[in-house]
Amino acid sequence: MTITPEARNPELDSVTLKLVDVGGDLKTFTEYSYNENFLTPTDGFSFTIADDGNEFDSWVVDQIKIGSEVALYVNDKIQASGYVDAFEIRNSRSGGTVVTIEGRDKLSTAVDGHIDPRIKFKESDTLLQILERVFGEFGFSVFTETNEANRNIITGAVRGLKASKKGRELKSFRAAQLKPFPQEGAFAFASRISQRFGLWIWLASDGKTVVVSKPDFDQEPRYRLQRKRGAASSQNNILEGGARYDGTDQPTILYAFSQGGGGEFEKAKLRFGQRNPVCTAPNVEDIIKRYPDVPVKGAVGSFAFNNKRARPLFLQDDESKTQEQLEYFAQREMSLHARKALVCHYEVAGHTCNGQPWCVDTIVDVDDDIARVHDTMWIQSRTFSKSRSGGTKTSLELIRRGSLIF
């Protein structure tokens, strides 16, 4: 994959904030910031416009309201849909009138709002039925188990879904009888339940479709990040940044237990062991042999830290009611450690690479001689920004493929 000269020209990327309720478009900004992190339930944005001599403030300030619907586009490709949370109007003799619009995507309503404590679910209810009742209160009725269509819309580049990636349907997941915690947010409740089945919840760019799925680590790379020396540097597109290698807080093996035992691992009904794919030690097998009846999964990958002694963890999870749920819990807890082993932060010019806006839950081919990263990485977060001092840029956070599990 090569990087075209146009891919390094931020002036070719246009950003539009559509005021859906008003019917107008904002295209000229003194600064803006839009952040999407896979692990953050809602995307946040802030756009600032200044008086250009055309009395912009009269129609923006008069028409924009708290709760107004907006949509963010990059080069006519929709990136997010949300609501205005706040706006500020400032004026000074030297700077004139300045308006800043802040907000989050539409899932913010379910994040802010609590679930009705009277709501009850049957033991026979499927995960889909639960999600329909929870999110239906906030106007969401469309659910999908794959993020592929959303990625195609955001990037404008259509990629097909591999047949082998077809997962279990949401209506096949059946949860035990559930009851919300006191003062529990609607999204928090739905997320807590979906994670029992190894799934995460996020909103598609159209603001209508709720994606209930997993990170896709098996797709082909859509982008390339390069920082090389010599003649090959003409293809470089990394402005700054690098990689952090971190062996801190990396358990060698994690044991999880649930269902009885009075808080004692050896007496619990459900038990499971998960190896750390990025950490190993000579004596880890000795620990595993102590519990020959406990199933252990996971293997050490090609990228791993070698410690002198094993660091085992023993965690209790009363929420897990089945062995499958306990395994998801253990894998998720281990991934919270393993994903920190190698994290890359890069800054690039503009918001696209070879015509495609940078997109979360996609793969990028990284060839960085300075940070010693030569691998395909998964995009966990993106931040589009513009300022008078910094120009138009995108900040990316990357983690290793397979290192985030729910």
Side-chain angles (χ1 to χ4, degrees), residues 1 3-4 7 13-16 34-45 71-82 104-107 140 142-170 194 198-225 237 339 344 346 348 350-366 375-384 394-406:
M1 180 185 297
I3 304 168
T4 64
D13 295 332
S14 62
V15 172
T16 301
Y34 163 75
N35 173 259
E36 177 187 8
N37 189 310
F38 190 82
L39 296 176
T40 302
T42 61
D43 308 342
F45 60 84
L72 171 64
Y73 286 76
V74 172
N75 302 342
D76 298 323
K77 300 178 180 66
I78 190 169
Q79 304 298 301
S81 301
R104 293 169 294 165
D105 72 33
K106 293 183 178 180
L107 202 59
F140 300 104
V142 181
F143 299 86
T144 180
E145 297 175 74
T146 172
N147 195 35
E148 188 64 34
N150 183 47
R151 283 193 297 262
N152 289 338
I153 291 172
I154 290 174
T155 63
V158 177
R159 303 285 181 88
L161 181 64
K162 296 180 180 179
S164 61
K165 289 295 294 180
K166 184 178 181 181
R168 295 161 59 182
E169 295 182 359
L170 292 177
S194 67
L199 301 171
W200 184 240
I201 300 172
W202 66 96
L203 187 66
S205 59
D206 63 4
K208 301 176 182 179
T209 306
V210 178
V211 184
V212 188
S213 189
K214 304 177 181 181
D216 185 356
F217 298 114
D218 296 328
Q219 58 186 297
E220 293 299 318
R222 288 178 182 258
Y223 314 100
R224 180 176 175 82
L225 284 169
N237 63 339
R339 67 184 176 88
C344 296
Y346 290 115
V348 298
H351 302 323
T352 62
C353 180
N354 289 350
Q356 298 185 55
W358 295 98
C359 179
V360 169
D361 190 33
T362 57
I363 303 298
V364 54
D365 185 12
V366 181
D375 202 353
T376 51
M377 305 283 285
W378 183 79
I379 300 180
Q380 177 176 305
S381 74
R382 61 174 180 170
T383 299
F384 296 155
T394 298
S395 298
L396 301 167
E397 181 181 12
L398 317 176
I399 62 174
R400 296 179 62 252
R401 297 170 69 173
S403 60
L404 182 62
I405 302 173
F406 291 95

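Applying the salt bridge (charged side-chain N to carboxylate O under 4.0 Å, His left out) criterion to Arg104, with sequence neighbours excluded, gives Asp85, Asp112. By the side chain to side chain contact (heavy atoms under 4.5 Å, CB included) test, Thr155 is found to be paired with Ala157, Arg222, Tyr223, Gln356, Cys359, residues two or more places apart in sequence or in another chain being considered. Remark: Asp43 engages no residue in a salt bridge (charged side-chain N to carboxylate O under 4.0 Å, His left out) (not counting sequence neighbours). Residues that satisfy the side chain to side chain contact (heavy atoms under 4.5 Å, CB included) test with Val212, not counting sequence neighbours, are Leu131, Phe143, Leu170, Leu199, Ile201, Val210. With sequence neighbours left out, Trp358 forms a side-chain hydrogen bond (donor to acceptor under 3.5 Å, both in side chains) with no residue at all. Remark: Thr394 pairs with His351 by the side-chain hydrogen bond (donor to acceptor under 3.5 Å, both in side chains) rule, at least two apart or across chains. In terms of the salt bridge (charged side-chain N to carboxylate O under 4.0 Å, His left out) criterion, residue partners of Lys106 (sequence neighbours excluded) are, by chain and number, Glu69. By the side chain to side chain contact (heavy atoms under 4.5 Å, CB included) test, Asn35 is found to be paired with Asn37, Thr383, residues two or more places apart in sequence or in another chain being considered. Contacts of Ser81 classified as side-chain hydrogen bond (donor to acceptor under 3.5 Å, both in side chains), with partners at least two apart in sequence or in another chain: none. Scored by the side chain to side chain contact (heavy atoms under 4.5 Å, CB included) test, Thr16 finds Lys18, Asp25, Lys27, Tyr73 as partners (sequence neighbours excluded).
Of all the heavy atoms in Leu107 and Thr42, the pair that sits closest is C-CG2, 3.7 Å. Among all heavy-atom pairs drawn from Glu148 and Asp216, the shortest one is OE1-OD2, 4.2 Å. Annotation for Asn237 and Cys353: closest pair ND2-SG, 4.3 Å, computed over non-hydrogen atoms. Pairing each heavy atom of Asp105 with each of Pro41, the nearest pair is OD2-O, 4.1 Å. Looking at every heavy atom in both residues, Thr209 comes nearest to Thr144 through CG2-CG2, 3.5 Å. Scanning both residues, Ser14 and Asn75, for their nearest heavy atoms gives N-OD1, 2.7 Å.
Judged by distance alone, the side chain of Gln219 and the main-chain N or O of Asp361 form a donor-acceptor pair under 3.5 Å. A distance-only check finds a donor-acceptor pair linking the side chain of Gln79 to the backbone of Ile154 [under 3.5 Å]. Although no hydrogens or angles enter the test, the distance criterion places no donor-acceptor pair under 3.5 Å between the side chain of Ser194 and the main chain of Trp200.
By the 4.5 Å heavy-atom criterion applied to side chains, Pro357 and Thr352 are counted as neighbours.
Taking CG from Leu39 and CH2 from Trp202, the interatomic distance works out to 10.5 Å, rounded to the nearest 0.5 Å. Note that CG of Leu72 is 6.5 Å distant from OH of Tyr34, once rounded to the nearest 0.5 Å. Atoms NZ and CD1, from Lys77 and Ile153 in turn, are 12.5 Å apart once rounded to the nearest 0.5 Å.
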Could you walk me through whether Val15 and Phe384 pass side-chain contact (heavy atoms from CB on, under 4.5 Å), step by step? CA-CA 10 Å; Val15 172; Phe384 296 155; 6.0 Å; no

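Between Phe38 and Trp378, the angle of the ring planes goes over 60°, which puts this pair in the perpendicular group of the 30/60° scheme.
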Could you give the side-chain donor-acceptor pairs of residues 396-406 under 3.5 Å, partners two or more places apart or in another chain?
| residue | atom | partner | partner atom | Å |
| --- | --- | --- | --- | --- |
| Glu397 | OE1 | Ser381 | OG | 3.2 |
| Arg401 | NE | Phe217 | O | 2.8 |
| Arg401 | NH1 | Thr376 | OG1 | 2.8 |
| Arg401 | NH2 | Phe217 | O | 2.5 |
| Ser403 | OG | Arg400 | O | 2.6 |

